[in-house]
Amino acid sequence: MPAKKQFWLMKSEPDAYSIDDLERDGSEPWDGIRNYQARNNMRAMNVGDLVLFYHSNAKPPGVVGVAKVCKTAYPDHTAWDPKSKYYDPKSPEDAPRWEMVDVEFVEKTPTMVSLEDLKAEAALEDMVVTQRSRLSVQPVSKEHFKHVLAMAGAKTKVR
DNA sequence: GCCAACGTTGGC
DNA sequence: GCCAACGTTGGC
């Protein structure tokens, strides 16, 4: 019995890692998340879950593509590397505090859906991204997800 | 570059 | 356990 499909939104600064980088690489470990709520959301992910790829700190910020989870949560080893900017001495190897998932490229959408567009959409007024702007990994309802896909002209379809 | 929002830390 | 101080995120 496959797990029920869930939907998410994940943010990345395009200067750090953009949708074009993901397209080039195919898939990517989503390391460096150091927020408990975001981590808990990643722990809840299943392989095949779809993700809206959001560019934060961009001009303008917004949804630029679709990705999907290809590996469920496992320890984020960058927390153990003193040379990493994500190093966290409070996350020992025998009790990892931080985890990551791998995501794979699905598509870059024909139309970018900016945060302004999302906020202007009445059907999306209670979407997390328009309310809790600082949460970098957040759940998206199926209805909201479909709505954003339609706005973006995405090839990806959700039934 | 500014600053509001908000999550985390640490003193008490 | 409270809360002030501090650091970070991210829109503008």
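Keep in mind that the numbers below use all heavy atoms, side chains included, and drop hydrogens, waters and symmetry copies. Every value quoted in this text rests on a predicted model; they were computed, and no experiment measured them. Protein chains get the first letters and strands the later ones, always in sequence-line order, with residue 1 at the start of each.
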Next item on the list: Produce a footprint string for nucleotides 5-12 of chain C: one letter per nucleotide, 5' end first; B if the base is under 4.0 Å from any protein heavy atom, S if only the sugar-phosphate is, - if neither.
Entry: --BBBBBS
Margin query: Does A/Arg132 reach a base, just sugar-phosphate, or nothing at all? Heavy atoms under 4.0 Å.
Written below: sugar-phosphate
Item checked: Residues clustering with A/Tyr36 (ILVMFWY side chains joined when closer than 4.5 Å, directly or via others) -> A/Trp98
Next item on the list: Supply the members, apart from A/Val51, of the Ile/Leu/Val/Met/Phe/Trp/Tyr cluster built from side-chain contacts under 4.5 Å; use none for a lone residue.
Entry: A/Trp8, A/Met10, A/Tyr17, A/Ile19, A/Leu22, A/Trp30, A/Ile33, A/Met42, A/Met45, A/Phe53, A/Val64, A/Val69, A/Val101, A/Val103, A/Phe105, A/Met112, A/Val137
Checklist line | Where at least one partner belongs to residues 55-66 of chain A, residue pairs that pass side chain to side chain donor-acceptor pair (under 3.5 Å), sequence neighbours excluded | finding: A/Glu13-A/Asn57
Next item on the list: Please list all pairs passing the side chain to side chain donor-acceptor pair (under 3.5 Å) test where one or both residues lie in residues 143-154 of chain A, with sequence neighbours left out.
Entry: A/Glu121-A/His147, A/Asp126-A/His144, A/Ser141-A/His144
Checklist line | Selection residues 63-74 of chain A - residue pairs positive for side chain to side chain donor-acceptor pair (under 3.5 Å), sequence neighbours left out | finding: A/Tyr74-A/Asp102
